[in-house]
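What you see is a predicted model, and the numbers here were worked out from it, not measured in a lab. In what follows, every chain begins at residue 1, and chains take the letters A, B, ... in the order their sequences are listed.
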4 protein chains.
Amino acid sequence: MGTRQEKKERITEQRRQQILDAALAVFSRKGYGEATIPDISLEAGIAVGTIYNYYESKRDLLLSIFSTYVFTQPFVKLLEHTLEMDDRTFLSLLIEDRLDFGFENMDRFFFLLSEVQRDPELRQQYSQEVLGPVLGLLEKYLESRVASRVFRPVNISMVARVLGGAMIGFLLLCRIEGESGPCRSMFRKELATELTDFVLKGLLQSEDRT
Amino acid sequence: MGTRQEKKERITEQRRQQILDAALAVFSRKGYGEATIPDISLEAGIAVGTIYNYYESKRDLLLSIFSTYVFTQPFVKLLEHTLEMDDRTFLSLLIEDRLDFGFENMDRFFFLLSEVQRDPELRQQYSQEVLGPVLGLLEKYLESRVASRVFRPVNISMVARVLGGAMIGFLLLCRIEGESGPCRSMFRKELATELTDFVLKGLLQSEDRT
Amino acid sequence: MGTRQEKKERITEQRRQQILDAALAVFSRKGYGEATIPDISLEAGIAVGTIYNYYESKRDLLLSIFSTYVFTQPFVKLLEHTLEMDDRTFLSLLIEDRLDFGFENMDRFFFLLSEVQRDPELRQQYSQEVLGPVLGLLEKYLESRVASRVFRPVNISMVARVLGGAMIGFLLLCRIEGESGPCRSMFRKELATELTDFVLKGLLQSEDRT
Amino acid sequence: MGTRQEKKERITEQRRQQILDAALAVFSRKGYGEATIPDISLEAGIAVGTIYNYYESKRDLLLSIFSTYVFTQPFVKLLEHTLEMDDRTFLSLLIEDRLDFGFENMDRFFFLLSEVQRDPELRQQYSQEVLGPVLGLLEKYLESRVASRVFRPVNISMVARVLGGAMIGFLLLCRIEGESGPCRSMFRKELATELTDFVLKGLLQSEDRT
DNA sequence: TATGAATGAGTGTTCATTCAT
DNA sequence: TATGAATGAACACTCATTCAT
């Protein structure tokens, strides 16, 4: 059920996707600066010149990766749909989901993060379009819990950033330590539970509370 | 008050430093791959050829930055000297120190981290010479506290990495959000206290313990 | 009359040739070390980058020149086909042919010889693949003549090298003396005859034989 | 018996010599283009800057080598003093002397020859100041022998160049064939005798004369 | 006069981009 | 529209030459 026109558009869209995937793969493997257009053309099985029919420049590829894969945030959906669960369940689901995602997409994620840090323009866009909404939801969640006295009165901005940062930083350390580090042998489920406990109860024994 | 010979050596050392500083500055600004030797020569106010009188190659500059600024760890000293304090004091001192250091050296720190991630050789060296010792000390600390029942029994490897990762991740998010983010207006002291509380007590009100 | 594919290959081959010719011309004029890639690109009327689409490096150009022009030896054919002639005819044909070739290709020949001397790898290859076979045939020829008592019993190895060397050395001196030297005004035919006589009869008058 | 002034001049002359020797050694080893001034300064045990107090440029070093070692011709002396000997003795002495000299100074000689070929200016100078006189003497010698009917009537210009060229070419081939070639195992004395015989009597048996 | 660090033009080489087919 | 050869600006690096000490 598609006119000639629509068919053509579908094929065009497929091509764009194919190129973008190849670019992301190569960028993740070698880094943006070290990756070359011939590399990408090889990975995609598409001629160098053709890439330029779909994307204006190497940098355009990078930006398109961001707008396709990063600046659209299915993650926010997750946050929205789970706000009504009880805290332990919500947190451990959230954490497990993010850990799964992180471990699965490590190279890509850290390549993207790396570029975000390098490029001020991307940084601002990422800050506004990704971090902003996500941290916003997290803050709203924390705020409601503090308001209902489930959580202690804390500096909400900061705790939101510490929680988000802890996920990213934990993955980062796991990645640097590599295959031989202790992270690889941890079970994802157990990790999520333990982390949830840590976030909720901290480190102290109950009786030591100050 | 030094011989001719000593004077010359001092000047040579100064030059090396001057070049290394310029390289670090440029690398931090543009990333290793995007930085050029003329960039560095301009930043240092030194001719291109002179750089090569002091360093063998661009990569040698990178490695020298690491061995000068990264693979020497005054930080470990800090950890060793504070193990005997009470926990709240120790943690908040540690956190404050790391936050201070992180905010002061953000661009440099994340450039270095970025390269560590890109370069497998650096990654392994960093893992062994920096992360290993630091996480080791943190684990020893946690272990002793758990043994003396001050801390709950937790997965020590994981908590060590979550704590370390939280610091890094928090700084990372602050950096991405930039000057206009909420981090910049937080007081360092307050931050440290709040974070310490979070680590020790978690989020729950005492009476809500599950 | 060729498929698309064949046409492309022909053009590619032409380009390779065009570049190689330009390289040989420039190398012959300035020497390998003093020649630059821009020089060659100018001579060929081709962009610098294009040269690198056909040859891996400057050195690859040099080696390709050798394998194209030097390490293929039509000369050996000549030697083989003339072994049955009478000596005077054979020698004067051989000498004339080599003189013709030498005078025609002087600059190129001495550039190549010069590089052979400079580069140990080329030297060995040249020794094995060019000098070896050529001197071998010459020795075989001398040996048969000595065996049949047409020639005096001589040190065959040495005489072969003296004969070959005399051709090269003669050309070399002609080249150094240049256009104004006496060589340029000699007739090639006469030269060959005279040289043949010299080789066969030496300098002495018949009656002066010692 | 030298004033202060003379002493200084002697030291200066020594320095010039020391530098020139080092330059010749390095040039012969690596070729003019590949040799660097620091190489020469190392070989001479003299600072880079000092070299420039004695010679204007790298090229000046090359030209000075020529005017010191090449464009002064002790060889001509030899030719002059032996004109009265009998031919066989004269020729074999001459040949032996040149072979000795050639084998002893191969690298230097062929480096110089190589530069002569590369550089038109040097070429002309060499032609006029070295080749000219030497070939002139040889021609004079041949001429007198032909006049006195000891030698056959030959094209004197050509034979002179063939004789000179044969020496150079023979050495050249020996050099290219290297240590493993047959030249290295020949006795110098025997070589000279054989070569003399060849020059005087040619290759034919007496009775085969055509 | 002797030194060797500083210089920067010049080298071989790469690669994003263009364009004729 | 797809192709990949052609392009040349830009890169890392070298080295003859200068000059302050």
Side-chain angles (χ1 to χ4, degrees), chain A residues 8 11-12 15 19 32-42 44-61, chain B residues 4 7-8 11-12 14-16 19 33-41 44-61, chain C residues 4 7-8 11-12 14-16 19 33-41 44-61, chain D residues 8 11-12 15 19 32-42 44-61:
Chain A
K8 212 162 79 181
I11 288 178
T12 294
R15 273 282 214 243
I19 293 168
Y32 177 76
E34 274 62 33
T36 70
I37 300 291
D39 283 341
I40 295 169
S41 108
L42 222 72
I46 275 177
V48 168
T50 308
I51 292 178
Y52 281 86
N53 288 337
Y54 291 89
Y55 296 93
E56 291 202 336
S57 67
K58 192 182 172 188
R59 176 139 227 272
D60 185 26
L61 275 169
Chain B
R4 184 82 46 94
K7 203 169 169 183
K8 211 157 78 180
I11 289 177
T12 293
Q14 250 173 45
R15 269 291 210 241
R16 277 188 72 88
I19 293 169
E34 275 62 31
T36 71
I37 299 290
D39 284 341
I40 295 169
S41 103
I46 270 178
V48 168
T50 306
I51 293 177
Y52 285 90
N53 288 339
Y54 292 89
Y55 296 92
E56 292 203 336
S57 65
K58 191 181 171 190
R59 177 140 227 270
D60 186 26
L61 275 170
Chain C
R4 183 81 47 96
K7 202 168 169 183
K8 211 159 76 181
I11 289 176
T12 294
Q14 250 173 45
R15 270 289 211 242
R16 277 188 72 88
I19 293 168
E34 275 62 32
T36 71
I37 299 290
D39 284 341
I40 296 170
S41 103
I46 270 179
V48 168
T50 306
I51 293 176
Y52 284 89
N53 288 340
Y54 292 89
Y55 296 92
E56 292 203 338
S57 65
K58 191 184 172 188
R59 177 139 226 271
D60 186 25
L61 275 170
Chain D
K8 212 163 78 182
I11 289 178
T12 293
R15 273 282 215 243
I19 293 169
Y32 177 75
E34 275 60 33
T36 70
I37 300 290
D39 283 341
I40 295 169
S41 108
L42 221 72
I46 276 179
V48 168
T50 308
I51 292 178
Y52 281 87
N53 288 337
Y54 291 89
Y55 296 93
E56 292 203 336
S57 65
K58 192 182 172 188
R59 176 139 226 273
D60 186 25
L61 275 170

- Strand DNA chain F in bracket notation, Watson-Crick/G-U under 3.5 Å with | for pairs to another chain: .||||||||||||||||||||
- Query: What integer distance in Å separates B:Gln14:CD from E:dA6:C1'?
  - Reply: 16 Å
- Item | Distance, rounded to the nearest Å, where D:Lys58 contributes NZ and F:dC15 contributes C1' | 8 Å
- Message: Can you measure A:Glu34 atom CD to F:dC11 atom C1' for me and round it to whole angstrom units?
- Response: 13 Å
- Item | Side chain of A:Val48 (C-beta onward), nearest among F:dG8, F:dA5, E:dG4 | F:dA5
- Starting at CZ of B:Arg16 and ending at P of E:dA6, how long is that distance when rounded to a whole Å? 12 Å
- Going from CG on A:Asp60 to CD1 on A:Ile51, what distance comes out if it is rounded to the nearest 0.5 angstrom? 12.0 Å
- In whole Å, what is the span from the CD1 atom of B:Ile11 to the P atom of E:dT3? 19 Å
- So what does D:Arg15 touch, heavy atoms closer than 4.0 Å: a base, only the sugar-phosphate, or nothing? sugar-phosphate
- d(A:Ser57 OG, A:Ile37 CD1) to nearest 0.5 Å is 8.0 Å
- Item | Nearest-angstrom distance from the residue atom CG of C:Asp39 to P of E:dG10 | 12 Å
- Query: Of all heavy-atom pairs between C:Thr50 and C:Ile19, which one has the smallest distance, and what is that distance?
  - Reply: O-CD1, 4.4 Å
- Message: Measure NZ/D:Lys8 against C1'/E:dT1 and give the value in whole Å, please.
- Response: 9 Å
- Taking atom CD of C:Glu34 as the centre, report whether more than 12 heavy atoms of other residues, nucleotides or ligands fall under 6.0 Å from it. yes
- Got a sec? Which of residues 49-56 of chain D come in under 4.0 Å of DNA chain F, heavy atoms? D:Tyr52
- Task: For D:Leu42 and F:dC15, give me the distance from atom CG to atom C1', rounded to whole Å.
- Result: 15 Å
- Give one of base, sugar-phosphate or nothing for D:Ser57, where a contact means two heavy atoms less than 4.0 Å apart. sugar-phosphate
- Task: Looking only at side-chain atoms of D:Ile46, point me to the closest of F:dA5, E:dT7, E:dT3.
- Result: E:dT3
- Message: Of the options E:dT17, F:dA12, E:dT13, whose atoms approach the side-chain atoms of A:Ile37 most closely?
- Response: E:dT17
- Query: About how many Å separate OH of C:Tyr54 and CD1 of C:Ile46, when rounded to the nearest 0.5 Å?
  - Reply: 7.0 Å
- Minimum heavy-atom distance B:Ala47-B:Ser41, with the two atoms named: C-CB, 4.0 Å
- Query: Does the side chain of B:Arg15 reach to within under 4.5 Å of the side chain of B:Asn53, using non-hydrogen atoms?
  - Reply: no
